[in-house]
Amino acid sequence: MRSARDFKKRYVIAVLLLAIVAYGILKVENFSPFEESVIQRQQINSTTTLYVTEGSAGATTKNVYQYYLVPSEVAESDFLKQAGDKYKSFLSTSDESVKMQINSSAIHLSVKGDVYHFTNAASYSTTIYLTSSPF
């Protein structure tokens, strides 16, 4: 009977171990403690909308406020799904009280706090002006 084919226990253990490792890798890749929500939406002109989002990575980190220029026909839910991938922020800051003025398709921002990222080449239909101070 020793030469008869039999079900090997070690193959079952190997397959189960491989499935557990694959599941763990999948969970780690999809884990993101960063949560982003829209806190303000403002029409700039007929083609562009400004979205301001608040991002939080947990209780021990500062909130990050990001500013996006998005085509007006994009819905808020579609924007949130594609924020960061398709739509890039032009300003990332720790300042929750950014003063904003919009005059004829020009955006004037006054930031007091950390500016992590800024570009004024976010859109051809608007001009972005930034005034920043550390306090």
Side-chain angles (χ1 to χ4, degrees):
M1 277 302 221
R2 289 195 163 241
S3 63
R5 290 189 175 229
D6 197 6
F7 190 65
K8 302 284 185 186
K9 187 177 181 182
R10 64 178 170 210
Y11 294 130
V12 172
I13 292 173
V15 169
L16 286 175
L17 186 61
L18 183 64
I20 291 170
V21 168
Y23 180 76
I25 290 171
L26 181 68
K27 284 295 188 184
V28 167
E29 284 182 354
N30 291 331
F31 177 73
S32 176
F34 187 74
E35 296 177 3
E36 193 167 22
S37 61
V38 174
I39 59 172
Q40 186 177 359
R41 180 178 189 251
Q42 187 156 351
Q43 192 76 25
I44 303 299
N45 55 33
S46 62
T47 61
T48 308
T49 301
L50 173 73
Y51 282 96
V52 181
T53 63
E54 178 181 47
S56 173
T60 60
T61 60
K62 287 183 177 180
N63 288 341
V64 176
Y65 299 90
Q66 298 193 61
Y67 291 72
Y68 298 87
L69 291 175
V70 180
S72 295
E73 62 270 3
V74 176
E76 186 173 314
S77 59
D78 294 334
F79 162 72
L80 278 174
K81 289 177 189 172
Q82 298 174 343
D85 295 328
K86 184 175 181 181
Y87 304 114
K88 303 291 184 193
S89 67
F90 68 87
L91 173 64
S92 296
T93 181
S94 64
D95 186 8
E96 63 186 45
S97 59
V98 172
K99 291 182 176 67
M100 182 172 38
Q101 292 180 335
I102 299 170
N103 298 329
S104 65
S105 295
I107 304 169
H108 299 268
L109 301 167
S110 179
V111 177
K112 295 183 184 203
D114 296 326
V115 174
Y116 304 121
H117 165 75
F118 174 72
T119 181
N120 60 356
S123 172
Y124 295 112
S125 62
T126 61
T127 306
I128 304 165
Y129 299 98
L130 176 69
T131 304
S132 177
S133 67
F135 48 85

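As the structure is a prediction and not an experimental result, all values here were calculated from the model. For the numbers below, each heavy atom of this structure counts, side chains included, while hydrogens, waters and symmetry mates do not.
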A.B. asks: Run the side-chain donor-acceptor check on residues 127-135: report pairs under 3.5 Å with partners two or more places apart or on a different chain.
C.D. replies:
| residue | atom | partner | partner atom | Å |
| --- | --- | --- | --- | --- |
| Ser133 | OG | Phe135 | O | 3.0 |

A.B. asks: Using the test salt bridge (Lys or Arg N to Asp or Glu O under 4.0 Å), find all partners of Lys62 that sit at least two apart in sequence or belong to another chain.
C.D. replies: Asp114
A.B. asks: If you round to the nearest 0.5 Å, how far is CD of Glu96 from OG1 of Thr93?
C.D. replies: 10.0 Å
A.B. asks: Hydrophobic cluster membership, with links at side-chain heavy-atom distances under 4.5 Å among I/L/V/M/F/W/Y: are Ile44 and Leu91 in one?
C.D. replies: yes
A.B. asks: The criterion is ring pair (Phe, Tyr, Trp, His ring centres under 6.0 Å); which residues satisfy it with Tyr68, sequence neighbours excluded?
C.D. replies: Phe79
A.B. asks: Each residue besides Val21 in its hydrophobic cluster should be listed here, by chain and number; the cluster joins Ile, Leu, Val, Met, Phe, Trp and Tyr at side-chain heavy-atom distances under 4.5 Å.
C.D. replies: Ile25
A.B. asks: Could you list the cluster mates of Tyr23? Members are the ILVMFWY residues connected by side-chain heavy atoms closer than 4.5 Å, either directly or through other members.
C.D. replies: none
A.B. asks: Atom OG of Ser89 and atom OH of Tyr65: how far apart are they, to the nearest 0.5 Å?
C.D. replies: 14.5 Å
A.B. asks: With side chain to side chain donor-acceptor pair (under 3.5 Å) as the rule and sequence neighbours excluded, what pairs involving residues 43-53 come up?
C.D. replies: Glu36-Thr53, Arg41-Tyr51, Gln43-Thr49, Gln43-Ser72, Asn45-Thr47, Asn45-Thr48, Asn45-Ser105, Thr48-Ser125, Thr49-Ser72
A.B. asks: Roughly how far, to the nearest 0.5 Å, is the CG atom of Asp95 from the CG atom of Asn63?
C.D. replies: 12.0 Å
A.B. asks: Show your reasoning for whether side chain to side chain contact (heavy atoms under 4.5 Å, CB included) applies to Thr126 and Phe90.
C.D. replies: CA-CA 12 Å; Thr126 61; Phe90 68 87; over 6 Å; no
A.B. asks: Using the rule that Ile, Leu, Val, Met, Phe, Trp and Tyr join whenever any side-chain heavy atoms are under 4.5 Å apart, tell me whether Leu109 and Leu50 fall into a single cluster.
C.D. replies: yes
A.B. asks: Distance check, rounded to the nearest 0.5 Å: Leu18 atom CG versus Ile13 atom CD1?
C.D. replies: 13.5 Å
A.B. asks: With hydrophobic residues grouped by side-chain heavy-atom distances under 4.5 Å, do Val52 and Ile102 end up in a single group?
C.D. replies: yes
A.B. asks: Contact between Phe118 and Val111 at the side-chain level, heavy atoms closer than 4.5 Å - yes or no?
C.D. replies: no
A.B. asks: Any chance you could measure Ile39, atom CD1, to Gln66, atom CD, to the nearest 0.5 Å?
C.D. replies: 11.0 Å
A.B. asks: What distance separates Lys112 NZ from Ser94 OG, expressed to the nearest 0.5 Å?
C.D. replies: 13.5 Å
